[in-house]
J.: 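The structure is given below, and queries will be raised subsequently.
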Amino acid sequence: MADGHGLLAGLKVLDLTHYVAGPYATRLMAAMGADVVKVERPDGGDPARHIGPYPDDEPHPEKSALFLYLNTGKKSITLNLKSEAGRGILQRLARDADILIENFRPSVLPALGLDYASLAASNPDIVFTSISNFGQTGPYRDYAAREINLYAIGGLMYITGDADREPLQMAARLAQYGAGQNALVGTLSALWHRENTGEGQHVDVAISEYLATTLENALSMYSYTGANFPRTGNRGYGRAAWGPYPCKDGYVGVIAGPDHRWPAVAELMENASLADPRFDDRAGRAAHAEELDGLMLPWLAEHGKREIFEQAQHLGLAFAYVASPGDILGWEHLRVRDFFAEVEHPAAGRLEYPTGPFKADAAPWKLEPAPLLGQHNREVLVERLGYSTDDLVRLREMDVV
Amino acid sequence: MSSALENVRILDFSRIWAGPHATKLLADMGAEVIKVESTRAWDPHRTIVGSGNLPDGERGSDPWNRSGWFNTLHMSKRGVTAELSHPDGKALIEELVSISDVVVENFRAGAMARRGLGYEDLRRLRPDIVVASMPAFGNSGPWRDFIQYGIGQEQLGGIASMNGYLGEAAPVKSGVNFGDPISGAHAAGAILAALLYRRRTGRGIFLDMSQLESTVGVVGEHILGFQMSGRAPENVGNRNAVYAPQGAYRCRGDDSWVTIAVGSDLQWHDLCELMGSPQLADDSRFSGVLARHRNHDGLDEIIRGWTRDQDPREVMHALQAIGVASAPVLSSEGIFSDPHYQERGLLELVDHPSTGPYLMPGVAWKMSMTPGEIRWPAPRLGEHNDFVYGELLARTESEIAALRSQGVIGTVPDGMGEG
């Protein structure tokens, strides 16, 4: 890489991912300086381009917020992998890549002759990462799943929502983002192994298993006691003061922590009854949850979320509030830390993007606009692979690119 | 080499879930993680009360070594104790820093510096050290001294604002404290990227990882979307903006549910056939995705009527056979008994000396050449003092005995009596 500054500068990533999970992994790689070439289908590209929100609710494949966010800093080429010429180009790109990452259904790439075994034949030290709903093996391997089905099979849904109502999915795409994060960890672990030994390998990430391994103590609890971790709505672990509560202008996180600071809640809410020693520990707050809520709710109803949050924090309490995207964009704290970066995109215009999950002076985030569909066909095919301009025209006419 | 990260040593000061989740992922990949606690300040997860944290609810003689929360997150790590306020304890830790590749901590901002272990101190001990510092709000900015846990990050990070039952304003928290695994996995990825950077450049790095920013990172499309439209997503319950019908439908048995998401008219047609009501496919109330969205309540009732007396796994198999996305809502018991997870080896039998053998969640993904593995159970408090101080720091047995008698190291939390 010319700039050479990112943590992953110089790394060559061939990106066959779409939607969310894989693209988030490669977004992080690109923002850390890796050279990411994203391969999209010529007819419409990454389906995320066709999911909103859009500016003024006007669908446009170059203006999808989901696509723009997840694909910053990548190069886009279009390839029809169902054509022999398309597959040939992909094989050439794979020969030169450090990493190939894909999230097709497990049967797709083997049918095209583009699976790990085939591509490793000409690039044995490639790290090849597959992300799928259920993994590359097992009886559900070829089953279809949307986000809701993943929360269901992954165990998070059963414990989310009210005890006497239906279990709830998560509205944020946590399953796919999280699997993308695991894919990054698995891929970079494999890369580290390759740096040490010269040996490549195949990494198999299942989105369902990401969820099933982030259930806190739900699985150990079942192992230890035979009891299922229950659904407890906004009373986390059945406790009071471990969840969102209504306040004057929204919802505030009354979070009883650290435990020894509980008496400060009485000070905050100007109500000595809250300092009753029965409420001092978690077990006591759980046993007297309704009574405790009854003492807090009237005060909360008269105070605003931001005010409660900051006052509580100044008393050493870990309160929070339910923030909307607009709230988050307005926080001075994030501004001071330069968490947002302005990115100018030729179709979508100038927007503020979240940068990434860490700050490092020596390795700032590299946020460049998401690519237009096929924007880098010429750069990649002609300048890198040495096809002629005539070849490119022919490939276009054959609907390969 | 059988583990990917065999030659990586991580000194881990982190507590609870976010930091320990990061080092769990790296330990699963073979890193040598040394968790630092003391007999005065141990990971609070060791002594959390309730929530099925102890085998059969029994405290045993050493309850701090029997915690399910702790023992799930610390498999394959080593555990040492060192009293940092004692000069000999400080010296042990400084020596460990000098032979480590990475330091991880998730204390509040500034806490490490107050212990004499800020980035500059660490760099003096090990010039190319990689430091992942994970305070709730990062190491700078007006909220740097605020504190927060995973539950609050769900709220501040934007996740809760769109999560709830259809048509209701109230947010619903996730069943876990989800900010933690988000920040933990981000940290693991960043640490590996930093190690590759160090390998390339010879330079260490300080990673200032705000758990708040980490959480906002997984709702990034809504941060952009708000700027585009001025609107934020509202609670949709179990529905979807595109697929219809989509929902959770009650099945036979106690608290038993199946999820179904129909992605096309063809799938809807096949579902009607499967339900034995082919005439519904031609019913104008449900023909076309727009109509199905408009009449979703009625659809839900019809589907509920069909699933009510069925087993959720059988519904899944029947729907998957016709290409419709479906899965049962699995409880912990459902995960343990699921044939797919069993074949993939999700759960592993881990024999912990203080609890006996129990099934625990294993490695979160598969690798063909360096499959991750659970090498040993979570360490008992100070379990690896002898190994780490004896083998790695070459302290003699009598030196270690002296550290023990001075209370610099130990295996029993203060105030908890003889173990």
Side-chain angles (χ1 to χ4, degrees), chain A residues 7 53 55 65-66 69 138-140 143-146 148-149 152-153 155 157-160 166-167 171-172 177 181 184-186 188-189 193 201-202 204-205 213-214 216-225 228 237 243-244 253 313 318 320 322-325 333 336-337 351 354 357-359, chain B residues 4 29 52 55 68-69 72 141-143 146-147 152 155-156 159-163 171 173 175-176 181 185-186 188-190 192-193 197 207-209 214 218-228 232 248 259 261 320 325 327 329 331-332 335 340 343-344 358-359 361 364-366 368-369:
Chain A
L7 296 183
L66 183 65
Y69 174 63
Y140 305 165
Y143 278 9
R146 312 289 185 191
I148 188 173
N149 311 119
I153 199 96
M157 190 161 174
Y158 183 82
I159 61 177
T160 300
E166 66 184 65
Y177 272 98
Q181 291 183 264
L184 178 70
V185 180
L188 295 184
S189 295
H193 177 72
Q201 62 180 311
H202 188 194
D204 167 13
V205 177
T213 52
T214 52
E216 215 150 20
N217 66 318
L219 298 184
S220 68
M221 174 173 168
Y222 181 75
S223 236
Y224 274 9
T225 68
N228 281 325
Y237 314 97
Q313 286 283 353
V322 176
S324 68
H333 179 75
V336 168
R337 287 175 53 80
L351 294 165
F358 63 82
K359 276 171 68 71
Chain B
M29 293 290 102
W69 302 62
T72 298
W143 294 350
F146 286 9
I147 51 176
Q155 299 177 20
L156 291 163
I159 292 171
S161 72
M162 59 193 84
N163 212 63
K173 74 183 289 296
V176 297
H186 273 141
L192 290 170
Y197 166 83
L207 302 166
D208 175 8
M209 306 206 64
S214 188
V218 302
V219 295
E221 68 269 34
H222 301 292
I223 300 293
L224 265 59
F226 180 79
Q227 297 170 68
M228 292 174 167
T259 56
Q320 293 284 356
V329 177
S331 63
S332 299
I335 288 175
H340 183 78
E343 188 171 320
R344 300 259 306 163
Y358 283 99
L359 285 169
W365 60 83
K366 314 289 178 200
S368 62
M369 299 305 291

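Letters go in sequence order (proteins before strands), and every chain restarts at 1.
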J.: Could you check which of A:S220, A:G186, A:G243, A:P139 has the highest count of heavy-atom pairs closer than 4.5 Å to chain B?
T.: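 The option with the most such pairs is A:P139.
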
J.: Find the one option among A:M157, A:H202, A:R337, A:K359 whose heavy-atom pairs under 4.5 Å with chain B are most numerous.
T.: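 Result: the option with the highest number of such pairs is A:R337.
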
J.: Under the side-chain contact (heavy atoms from CB on, under 4.5 Å) criterion, do A:N149 and B:Q320 qualify, and how do the steps go?
T.: CA-CA 12 Å; A:N149 311 119; B:Q320 293 284 356; over 6 Å; no

J.: Would the distance check show the side chain of B:Q227 and the main-chain N or O of A:L351 forming a donor-acceptor pair, the cut-off being under 3.5 Å?
T.: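 Flag not set: sc B:Q227 to bb A:L351 has no pair under 3.5 Å.
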
J.: Tell me, for A:A218 versus chain B, whether the close heavy atoms (under 4.5 Å) come from the side chain, the backbone, both or neither.
T.: both

J.: For a quick test of reading the model, state the closest non-hydrogen atom pair linking A:G253 to B:Q155 and the distance between them.
T.: CA-OE1, 2.9 Å

J.: Which atom names give the shortest non-hydrogen contact between A:L188 and B:A193, and what distance separates them?
T.: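 In this case the closest contact between A:L188 and B:A193 is CD1-N, 3.8 Å.
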
J.: Do the side chain of A:Q313 and the main chain of B:I147 share a donor and acceptor less than 3.5 angstrom apart?
T.: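 Side chain of A:Q313 to backbone of B:I147: a pair is present.
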
J.: Can you tell me which portion of B:E343 sits under 4.5 Å from chain A's heavy atoms? Options are side chain, backbone, both or neither.
T.: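 Just the side chain, heavy atoms under 4.5 Å.
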
J.: Considering residues at least two apart in sequence or located in another chain, which fulfil the ring pair (Phe, Tyr, Trp, His ring centres under 6.0 Å) criterion with A:Y224?
T.: B:Y358

J.: Non-hydrogen atoms of chain B under 4.5 Å away: do they reach the side chain of A:Y158, the backbone, both or neither?
T.: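 Backbone plus side chain of A:Y158, per the 4.5 Å heavy-atom cut-off to chain B.
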
J.: Donor-acceptor check, side chain of A:Q201 to backbone of B:M369, threshold 3.5 angstrom: yes or no?
T.: yes

J.: Can you sort out the partners of B:E221 under salt bridge (charged side-chain N to carboxylate O under 4.0 Å, His left out), two or more places apart, ordered by chain and number?
T.: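 Partners of B:E221 by the salt bridge (charged side-chain N to carboxylate O under 4.0 Å, His left out) criterion, ordered by chain and then number, come out as A:R173.
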
J.: Is there side-chain contact between B:L156 and A:H333, with at least one heavy-atom pair below 4.5 Å?
T.: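 No; the side chains remain at least 4.5 Å from each other.
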
J.: So for B:T72, is it side chain, backbone, both, or neither that comes closer than 4.5 Å to the heavy atoms of chain A?
T.: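 Side chain only.
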
J.: Does some side-chain heavy atom of B:V176 sit less than 4.5 Å from a side-chain heavy atom of A:I159?
T.: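 A:I159 reaches B:V176 side chain to side chain.
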
J.: Anything under 30° is parallel, anything over 60° is perpendicular, the rest tilted; go ahead and classify B:H340 against A:Y140.
T.: parallel

J.: Taking A:T160 for its side chain and B:G175 for its backbone only, find out whether a donor-acceptor pair lies under 3.5 Å.
T.: yes

J.: Examine whether an atom of B:M29 lies under 4.5 Å from a heavy atom of chain A, and if so say whether it belongs to the side chain, the backbone or both; otherwise answer neither.
T.: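 When you check distances to chain A, only side chain atoms of B:M29 fall under 4.5 Å.
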
J.: Under a 4.5 Å heavy-atom cut-off, does chain B meet the side chain of A:V336, its backbone, both or neither?
T.: side chain

J.: How far apart are the closest heavy atoms of A:V185 and B:G189, and which atoms are they?
T.: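 Smallest interatomic distance, heavy atoms only, reads CG2-N, 3.6 Å.
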
J.: Which atom pair, heavy atoms only, marks the closest approach of A:P53 to B:M228?
T.: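 Reported closest heavy-atom pair: O-SD, 3.7 Å.
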
J.: Could you measure the distance from the OG1 atom of A:T213 to the CD1 atom of B:I335? Nearest 0.5 Å is fine.
T.: 9.5 Å

